[in-house]
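The next block holds one structure in the form of C-alpha cells; read it before the comments.
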Amino acid sequence: MTEDEVKSLTALWRTRWGGAPIGCALSARHPDRWVRFHSLPDSKRYAETEQEYEVILDRHHRVLAELGADEGLYVIAGYFADAPVQAPAAPRTHAGAVPWLTIDPGEHPEVEIPLTLRVSTAPLRRATLDPLLRCVADDELGHVIISPLDLRWLYHPYDGGADVIAPSVRERDGLKNRHADWLPTPPSRL
C-alpha cells in the first residue's frame, strides 16, 4: 500500500466508523449491527484436530463470502510495542502489511501497551486468508479486522469465533438466521 492509500483508509475509517479500529471495541460502538459467531460446535474455543481447523476456516469463509468483497479486502492486524514486528506468524499471514496507526494505552482502555496496527490489501481467497485465520484461531495474531475496501462491513476474527458489524440490521439478522447454530451457547455467553 502507498502512503496515499493509507491516508485514504484513515479518512474513510473516520467517516464511516469513527473511533479507533480496535476489533474488541466494535460491538459496543455498533450494537445494532453486531453479531458474534463461534468457530466450533458447542462454542468450543480451540481446534485440536485438522478437521476442527477446517470447520473454523469454513465458517469464516462462509460468512465472508456472504458479506461480499469482490473488489478486495483490507486486512488489519495489531502488533504490540514489546513484540517484534516480524513475529513468527507475521511474514506468512500478513505479507505486505504497512504501519497504519498506533493506539496508545492512555487513549483506549482496550490496550495496555502501545499497539501498532498494520494494514495490507488482499483478495477474498482461501489461499491468502487461511494462514492468517489459522494464526488468529491459535491466538498467535490478534486485533485483526477484515473489511472490503469501501469499509461497508467489518469482520473481527478472534480465537474462538468472529464478531461481525454488518452493513445493516437486516443483513445482520439474515446472517444470524442462516447461522443460528454458530451463535454463542447459551445466547448470553460471549
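Residue numbers count from 1 along this sequence. Because the structure is a prediction, the values reported are computed rather than measured.
Hydrophobic clustering (side-chain heavy atoms under 4.5 Å, transitive across Ile, Leu, Val, Met, Phe, Trp, Tyr) groups Leu117 together with Val6. Follow the hydrophobic side-chain contacts under 4.5 Å out from Leu132 and you never reach Val55; the two are in separate clusters. Linking Ile, Leu, Val, Met, Phe, Trp and Tyr residues whenever their side-chain heavy atoms come within less than 4.5 Å leaves Val136 and Ile56 in two separate clusters. Hydrophobic clustering of Ile, Leu, Val, Met, Phe, Trp and Tyr side chains at less than 4.5 Å, counting indirect connections, keeps Leu40 apart from Val63. In terms of hydrophobic clustering, with Ile, Leu, Val, Met, Phe, Trp and Tyr side chains grouped at heavy-atom distances under 4.5 Å, Tyr158 and Tyr53 are assigned to different clusters.
Considering only heavy atoms from C-beta on, Tyr79 stays 4.5 Å or farther from Thr102 through its side chain. At a threshold of 4.5 Å between non-hydrogen side-chain atoms, the residues Ser120 and Met1 do not count as touching. Proximity of Leu151 to Leu9: side-chain heavy atoms (C-beta onward) are separated by under 4.5 Å at one or more points. Arg59 has its side chain out of reach of Pro157: every pair of non-hydrogen atoms, C-beta onward, lies at least 4.5 Å apart. Using a 4.5 Å heavy-atom threshold, the side chains of Val119 and Val75 count as separate. Within the 4.5 Å cutoff, the side chain of Glu52 has heavy atoms near those of the Thr49 side chain. A 4.5 Å side-chain heavy-atom check between Leu26 and Ile145 finds at least one atom pair inside the cut-off.
By the ring pair (Phe, Tyr, Trp, His ring centres under 6.0 Å) test, His179 is found to be paired with Phe37, Trp182, residues two or more places apart in sequence or in another chain being considered. Thr15 is linked by a side chain to side chain contact (heavy atoms under 4.5 Å, CB included) to nothing, counting only residues two or more places apart in sequence or in another chain.
Once rounded to the nearest 0.5 Å, the distance linking CG of Leu133 with CG of Leu141 reads 9.5 Å. To the nearest 0.5 Å, atom CG of residue Leu115 and atom CG of residue Leu101 are 10.0 Å apart. Within the model, atoms CZ of Arg62 and CG of Leu57 stand 13.5 Å from one another, a figure rounded to the nearest 0.5 Å. Atom CG of residue Asp163 and atom NE2 of residue His30 lie 12.0 Å apart, to the nearest 0.5 angstrom. Between the CZ atom of Arg36 and the OG atom of Ser43 there is a distance of 10.5 Å, given to the nearest 0.5 Å.
With ring centers used as reference points, His60 lies under 6.0 Å from Tyr155.
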Assess whether side chain to side chain contact (heavy atoms under 4.5 Å, CB included) is satisfied between Ile76 and Arg118, documenting all intermediate values. CA-CA 6 Å; Ile76 302 160; Arg118 297 175 65 84; over 6 Å; no

Take Asp159 and Tyr46 through the test side-chain hydrogen bond (donor to acceptor under 3.5 Å, both in side chains) and record every step on the way to the result. CA-CA 7 Å; Asp159 58 319; Tyr46 296 103; 2.3 Å; yes

Taking it one step at a time, do Leu154 and Trp13 satisfy side chain to side chain contact (heavy atoms under 4.5 Å, CB included)? CA-CA 11 Å; Leu154 303 174; Trp13 181 276; 3.7 Å; yes

For the pair Asp130 and His61, evaluate side chain to side chain contact (heavy atoms under 4.5 Å, CB included) and give the outcome as yes or no after the intermediate values. CA-CA 9 Å; Asp130 280 3; His61 284 286; 2.5 Å; yes

Salt bridge (Lys or Arg N to Asp or Glu O under 4.0 Å) for Arg126 and Asp58? Distances and angles first, verdict last. CA-CA 9 Å; Arg126 287 192 71 121; Asp58 286 343; 2.7 Å; yes

Do Leu73 and Leu149 pass the side chain to side chain contact (heavy atoms under 4.5 Å, CB included) test, and can you show the C-alpha distance, the side-chain angles, and the key distance before you say yes or no? CA-CA 5 Å; Leu73 301 167; Leu149 300 180; 5.7 Å; no

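Pairing each heavy atom of Thr2 with each of Glu5, the nearest pair is N-OE1, 2.7 Å.
In this structure, Asp150 contributes its side chain and Arg152 its backbone to a donor-acceptor pair below 3.5 Å. Looking at His156, its side chain does come within 3.5 Å of a backbone N or O of Val144 through a donor-acceptor pair. Side-chain N or O atoms of Ser39 include one that pairs as donor or acceptor with a backbone N or O of Gly161 at under 3.5 Å. Of the possible polar contacts, none joining the Arg178 side chain to the Glu66 backbone as a donor-acceptor pair under 3.5 Å is found.
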Atom pairs and distances, side-chain donor-acceptor, residues 164-175, under 3.5 Å, sequence neighbours left out:
{"residue": "Ser168", "atom": "OG", "partner": "Glu171", "partner atom": "N", "Å": "3.1"}
{"residue": "Ser168", "atom": "OG", "partner": "Glu171", "partner atom": "OE1", "Å": "3.1"}
{"residue": "Arg172", "atom": "NH1", "partner": "Asp32", "partner atom": "O", "Å": "2.6"}

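Around the CZ atom of Arg29, the shell of radius 6.0 Å holds more than 12 heavy atoms that belong to other residues, nucleotides or ligands.
Side-chain atoms of Ser147 and Trp153 form no donor-acceptor pair, as typed in the model, at a separation below 3.5 Å.
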